[in-house]
K.L.:
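Take this structure, written in structure tokens, and hold onto it; I'll ask about it next.
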Amino acid sequence: SSTGADEGEITIGLAMPNQQSPFYVAIRKWVEDEAKRENVKVLVADAKNDADDQVSQVQDFITRGVDGLIYIPAGAAAATVPVRAAKSAEIPVVTVDRNPKDAPGDTFIATDSVAAAQELGEWVVKNAGDKGNLAIIQGQLGTTPEEARDQGFKKGIEGSEIKEVARQASKAWLQDEGYQITTDLLQAHPNIDIIFGRADGLALGAAQAARNAGSKDMLVVGFDGDPSGLEAVKSGLLAATVTQQTTLMGKLAVQSTLKLIKKEQVPAEQLQKGILTTGENVDQYIANHP
Amino acid sequence: MTQNPASAGPRADEGRRSRRGAVKGVAWILDGVGGPFLGLVVLVVIMAIFAPNFAKPINLINILDQVTVLGILALGATAVIITGGIDLSVGSVFALSVMVLGWLSHDGGMPLWIAMIACVAVGGLAGLVNGLAVTVTKLPPFIATLAMMSVARGLANMTTDGRQITGYPEWFYSLASTRYGGFLSITLMALIVLYVIGWAVLKYRSSGRAVYAVGGSPEVARLAGIKVQAVTTWVYVVAGLAAGLAAIVLASRLDSSQPSAGEGLELDVIAAVVIGGASLAGGVGRITGTLVGVLIVGVMHNGLNLLGVSPFLQQVIIGVVIAAAVFTDVLRRRKERSA
Amino acid sequence: MTQNPASAGPRADEGRRSRRGAVKGVAWILDGVGGPFLGLVVLVVIMAIFAPNFAKPINLINILDQVTVLGILALGATAVIITGGIDLSVGSVFALSVMVLGWLSHDGGMPLWIAMIACVAVGGLAGLVNGLAVTVTKLPPFIATLAMMSVARGLANMTTDGRQITGYPEWFYSLASTRYGGFLSITLMALIVLYVIGWAVLKYRSSGRAVYAVGGSPEVARLAGIKVQAVTTWVYVVAGLAAGLAAIVLASRLDSSQPSAGEGLELDVIAAVVIGGASLAGGVGRITGTLVGVLIVGVMHNGLNLLGVSPFLQQVIIGVVIAAAVFTDVLRRRKERSA
Amino acid sequence: MNEPAPSPILTVRGISKSYPGTVALRGIDLEVRPGEVIALLGENGAGKSTLSGIIAGAIQPSTGTMTWQGRPYSPATPRDSITRGIGMIHQEMRLLPDLTVAENVAVGRWPTRAGFLSGKTMLRQAQEQLRKVGFTGRVNQPVRELSVAGQQQVEIAKALMLDASLLILDEPTAALGETETTALLECVRSLRTQGVSFIYVSHRLAEIAQIADRVVVLRDGEKVAEHDSGGISPDTLVREMVGRSVDRLFPEFDAPRDEVVLSVEGISDRAGRFDDISLTVRAGEVLGIAGIVGAGRTELVRSIASLEPLRCGEIKVDGVPLPPNDPIAAKAVGVVLIPEDRKRQGVILSDTIEDNIALPNLAAITRYGFVTPSGVTRFARKAAARFGIKGDIGDPVATLSGGNQQKVVLSKWLSSDPKVIILDEPTRGIDVGARASIYEVISELAQQGKAIIVVSSDLEEVLGLAHRIMVLAQGRNKGIMEAAEATADRVMAYATQ
Ligand SMILES: Nc1ncnc2c1ncn2[C@@H]1O[C@H](COP(=O)(O)OP(=O)(O)OP(=O)(O)O)[C@@H](O)[C@H]1O
Ligand SMILES: Nc1ncnc2c1ncn2[C@@H]1O[C@H](COP(=O)(O)OP(=O)(O)OP(=O)(O)O)[C@@H](O)[C@H]1O
Ligand SMILES: [Mg+2]
Ligand SMILES: [Mg+2]
């Protein structure tokens, strides 16, 4: 399928859902790094959260003659069309983060969010002394990560004395939203002492709001292990987060694509562990993002 | 009197007609969209030179395919903008329609064709509410449709509590994907038919002319006996119906329905219409111009992707191209006036 | 002369003045923003009854704190809208400013105060480009600022390649968080001072009157010896400077800079201004009205969050409230006319 | 009322209309018979337009009834009246600036074949009507490019398209010159013989005498007189309209002083709308500029006020050249232009009277850097009193009658202390009484030593006011004559040569 203008050089298309989420930004960075090392060209397209745009962009990749596609679906769940389109052009597809149910990629790379969120929940139970009033700042409702993290965390705090007193959803996982929502939740429920922000951005906003409201012993945890999230764990603003191994995932995505291009075997699912990160182990991850 | 008015009577425009001469047929269709059209030609030439594979037929068809949704929405928006209104709700209503389609056919268990009718009807209904808010409660269109933008998005999310719906029957998916004669998908055909209808109505029907009159001055239109409120309400309904139709195209193209569809799309739609020479002050605008505007947007996105331009730089370039495209139109009008 | 015109003047004026009578002081400041103000009062009463802890002083201060960014942006947008323009770029310019602040002070290693000046200057510069695009190249404001919206967002992303910047010095962070007298943070004080200045300029300076005249009719203003182009350019510069100032507030509040800041904010800003009684047709608008509009938006968000309303339902409610708030204003004007 | 008249086509019984703060009409009765021209007279704000608007369905009356062709008639929209055969030309021109002349004439009545618009038929029909009113422009050009007079002709043609049995013409000739007026009157006469009735509103009494079958006079919203012939002496009509007699329309003017204030040397327009014009105006002198519609007078005076760029030539005030195309500099040295197009250039309709008056005078009102509302009110009240503006100065200008709006324009400009005053059609739509007082003001200004240019399509006005008259035709100066040697015939001969 190498009808590309630049015959000979291998070109990979990276279809990004957006470029705001630090998680995606990190993946892109590591994909680009790894590609450079492998002497492979990467084309990046940003769908700005619009699945329809993403279909167009994948079409354009195919026209452009990419040899492989790394597809991080935009939209709440994953659209099948980009995978189908790529497959009918005989281009291998690596899906990252979310996998279209009816048309899975040749391999799927993601964090095992449920397990990681459960571990985080268990850690919270231990560190809060088995009790407390929990507020949850949800991500965008209806999305896979939101649902997986909810499921895992619930399991983690099951059986403890931790009561969920409030939950409110953000629209776009943003720090500003986390700040705004938390300021308000703290008014409505002054007894809150644990906050789980479903992403580091949300958690950071929440921590900032708690700090502004003058509550000192708020236990705030996040998810993702963004650079800023890790810094916050180090400074104590966040108590813990789950670090997704973006470096690894980015590298793996490139390696898997190359293997698929060479028609080598790759497992259908390559789930990575989310690493529980606290003040104790944060330094090593700041130095070297996993 | 020394002057005989009859002899010096009103003149038809000779000068203009002779200027057309050579390329009469094309000029007749493109009448008055010269500026944007020139912009499109320049853009296409640049892309054909620099972007790999741009000029291949398959890519050109892809572009048409990619602009179907934008094109249908812009068609409705053109009528709204000619009346001097604006429709910010179009992206949200589009999302609401697509969710109704998915929800009725999946969770509701209805036959897909009924869901499709409901999908278009919901769009029309939202448009009707917009129209009545503008004409009866006298809200400024910006506000009426901004409110609808928020409401429709909320409702779209509420249908499935934010989740998306995937998997339509194969025949439905093929509406957008099967290309008859290697070229025309059903959705693309629909786009073309809609544009021809829209063009004919605006140019050759009294109701179309009334749209221009209302946009030029609602008071003049009223005094001339035009049903201003009815015309105004109708253009919003048409925009809503267009959103419903575009929703079907989207669902078919994506094989899924998601409540976040069309976020921020309202500005793209308006940009395409204005690039095509319409004026937000009302009274001015052409379907052919809108088509050119839509194609400029489509070619630009496609070309930049083929060139592998980084998404951030793309944003910068797109902004500059929008400004430049409209600027050519400003220049053309200025020249025309001083000519 | 058959009539004595001098007698006609004071007679009618008396009626007006006596109507004011009782609550003269407040009325004088709120002059002409009765409709939206009433809406705000109703909203506050409803929230105070139903939303837990809404009426607590600390929460009310929180609301003020939460609307600081929106408030500063809306202040600039008010002037733009009075001239009959619109600024869609405000959210993006705001993001560009906040990134310049972070980038210069972190990656660039400059002293923070220089970065702060640069942050405001970049906003002003973007505003200047908007203004010149409108006045010199004669682009419609919608298009000029839509283009800037795309360009500024792209540049904001390019400063750090999409990454966010975290961690400002403690003194900077305390600008938004330390509440002097348990009440006024520096940023809140800045908001109040800016509103007083804006109010005084628009009401009592001839430059302020020029802004209204330009919005009412650029041609009449030009004949009256007003530098229409200069006034128009300036309002966009002011809007840009406001975006730069708001960026400092945001960075201080969040202790970080991110390129996605302010996405979709442009419509909130315009909504607040229009809810406050300004007209997108130009010539009409008041700073006090904008303040009321901003507070309506702030109270609504805060109250709905306190009530624990789901974000989807919030969208629906917000849409309805926007429409209702502007509708009260439409009603008031209609009554005033027929009274 | 003794002749056995045919039964009236329209009867109006006890029509009243009140607006907040004003009663525009009180218990008006009126009958219109087929083929009859009824002149409706009255000073500015008497209620002529309101009555016309009510008959045409554009305004709803507060009380009263009407019948049309013997049947009860209460139009809720203009559409109701149009479908019954009543057409109206509104005083403020109502055209669609972006559409072409032909499309404006056809608006609302597009000729269709099998449901589709026929462009050729539209063009033909429009041309036919436009020819009747003596329009000479291109039918394909956008209306926004027309002069006020051209727009007025389009407006008339548009009403003729209606094929109405009753046409209401609200000041159709206010913006027209002699030639166009004659064409219009001819057109009215010929339609009258076909049985079309007219309600004809005008401040030009000479026209009334020519065509009216009956004259109805309104004052302060009441019908004060009705005459069964058009040939009433103007003095009588004026007394009935104004409530007193206006014995002398034009005041005496002193001889101008010697010093030249304004001198224009060989200026030409970039687009060729006028060419190589030189003129001088001395202190205390009134220079009249006459010409037929489209002669380029408006363009010329706009250029003199530095509102338009020049191709060549120079304008000097007190011997000092004006910087080109800089209206602010022109204003600063004291050149003001009172524009002909009131709605687009004269006032901001939605703003109050006081704000409009204050606008060009802000510098004078500013104290310590601030403009206080009370300062504005004080200033505006004085100006409004001087020009006799009816209405509260806090009211929007849009609620004023046309003539009163014109007074706002005048007071706004003349409240500063200019050196050179250019008035483009200063009394368009102004009643006789007010006209006399505006002439009085012009004479006062001349006495103070201002240099004044008056552009007018009303020959009587130019002849009555000016010391010298320049005639412009097709953008060229056809000669400047002393008032003493000028006559209407001579001016027209120059203008049309
Ligand atoms: N919309 C309005 N609101 C308030 N008052 C109005 C409105 N329209 C007209 N009026 C008032 O009604 C009265 C009659 O106005 P009208 O326009 O009928 O006068 P007119 O006889 O046509 O005067 P002109 O010769 O100046 O055109 C005036 O006092 C005017 O101020
Ligand atoms: N903006 C414009 N674009 C094109 N043509 C114009 C424009 N303004 C005026 N004209 C034309 O220029 C010519 C001179 O117009 P101008 O208004 O100066 O004449 P005038 O003598 O003042 O006549 P009037 O009595 O109509 O005001 C006319 O033929 C007019 O149609
Ligand atoms: Mg009138
Ligand atoms: Mg003129």
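Each chain gets a letter, A, B and so on, in the order the sequences are listed, and its residues count up from 1. Atom set for the values below is all heavy atoms of this structure, side chains included, hydrogens, waters and symmetry mates excluded. This one's a predicted model, so the numbers in the text were calculated from it and none came from an experiment.
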K.L.:
Tell me, for C:D65 versus chain A, whether the close heavy atoms (under 4.5 Å) come from the side chain, the backbone, both or neither.
P.N.:
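Just the side chain, heavy atoms under 4.5 Å.
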K.L.:
Describe, in one word, how the ring planes of C:Y168 and C:H106 are oriented to each other, choosing from parallel (under 30°), tilted (30 to 60°) and perpendicular (over 60°).
P.N.:
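Correct class here is perpendicular.
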K.L.:
Can a side-chain donor-acceptor contact be found between A:S228 and A:D226 if the only test is distance below 3.5 angstrom?
P.N.:
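No - no donor-acceptor pair under 3.5 Å links their side chains.
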K.L.:
With a 4.0 Å cut-off, would you call A:E177 and A:K171 a salt bridge?
P.N.:
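Salt bridge absent between A:E177 and A:K171.
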K.L.:
List the atom of A:A239, the atom of A:V233, and the distance in Å for their closest heavy-atom pair.
P.N.:
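Heavy atoms only, the tightest pair is O-CG1, 4.3 Å.
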K.L.:
Heavy-atom cut-off 4.5 Å, strictly under: side chain, backbone, both or neither for A:I181 against chain C?
P.N.:
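Both parts, heavy atoms under 4.5 Å.
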K.L.:
Going by atom types alone, do C:N302 and C:N59 pair a side-chain donor with an acceptor below 3.5 Å?
P.N.:
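Yes, C:N59 and C:N302 have a side-chain donor paired with an acceptor closer than 3.5 Å.
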K.L.:
Using heavy atoms and a sub-4.5 Å threshold, report which of residues 248-265 of chain C line up against chain A, by residue number.
P.N.:
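Heavy-atom contacts from residues 248-265 of chain C to chain A are C:L250, C:R253, C:L254, C:D255, C:S256, C:Q258, C:S260, C:E263.
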K.L.:
For C:E170, is there an ion pair with A:R211 - N to carboxylate O distance below 4.0 angstrom?
P.N.:
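Counted as a salt bridge, because a side-chain N and a carboxylate O are separated by less than 4.0 Å.
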K.L.:
Would you check, one step at a time, whether the test salt bridge (charged side-chain N to carboxylate O under 4.0 Å, His left out) holds for A:K29 with C:D161?
P.N.:
CA-CA 9 Å; A:K29 180 180 181 315; C:D161 208 14; over 6 Å; no
K.L.:
Less than 4.5 Å to any heavy atom of chain A: does that hold for the side chain of C:V309, its backbone, both, or neither?
P.N.:
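Only the backbone of C:V309 comes within 4.5 Å of chain A.
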K.L.:
At a heavy-atom separation under 4.5 Å, does A:L204 approach chain C through its side chain, its backbone, both, or neither?
P.N.:
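Side chain only.
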K.L.:
Is chain C contacted by the side chain of A:A166, its backbone, both, or neither, given a heavy-atom distance below 4.5 Å?
P.N.:
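Neither part.
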K.L.:
Sort C:F312 into side chain, backbone, both or neither according to what part of it lies under 4.5 angstrom from a heavy atom of chain A.
P.N.:
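Contact with chain A involves the side chain of C:F312 alone.
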K.L.:
Cation over ring, A:R167 on A:F196, under 6.0 Å and within 45°?
P.N.:
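Because its charged atom misses either the 6.0 Å distance or the 45° angle limit, A:R167 does not stack over A:F196.
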K.L.:
Can you tell which part of A:Q19 gets under 4.5 Å to a heavy atom of chain C, answering side chain, backbone, both or neither?
P.N.:
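Only the backbone of A:Q19 comes within 4.5 Å of chain C.
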K.L.:
Is a side-chain donor-acceptor pair under 3.5 Å present for A:E231 with C:T166?
P.N.:
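No, no side-chain donor-acceptor contact under 3.5 Å.
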K.L.:
Could you look at C:Q66 and say if it's the side chain, the backbone, both or neither that has a heavy atom under 4.5 Å from chain A?
P.N.:
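For C:Q66, backbone and side chain are both near chain A.
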K.L.:
If you count heavy-atom pairs under 4.5 Å between each of C:L306, C:N157, C:I165 and chain A, which one has the most?
P.N.:
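When all of C:L306, C:N157, C:I165 are compared, C:L306 has the most.
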K.L.:
Could you tell me whether A:K154 and A:D150 make a salt bridge, using a distance below 4.0 angstrom between a side-chain N and a carboxylate O?
P.N.:
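Here A:K154 pairs with A:D150 in a salt bridge, since their nearest N and O are under 4.0 Å apart.
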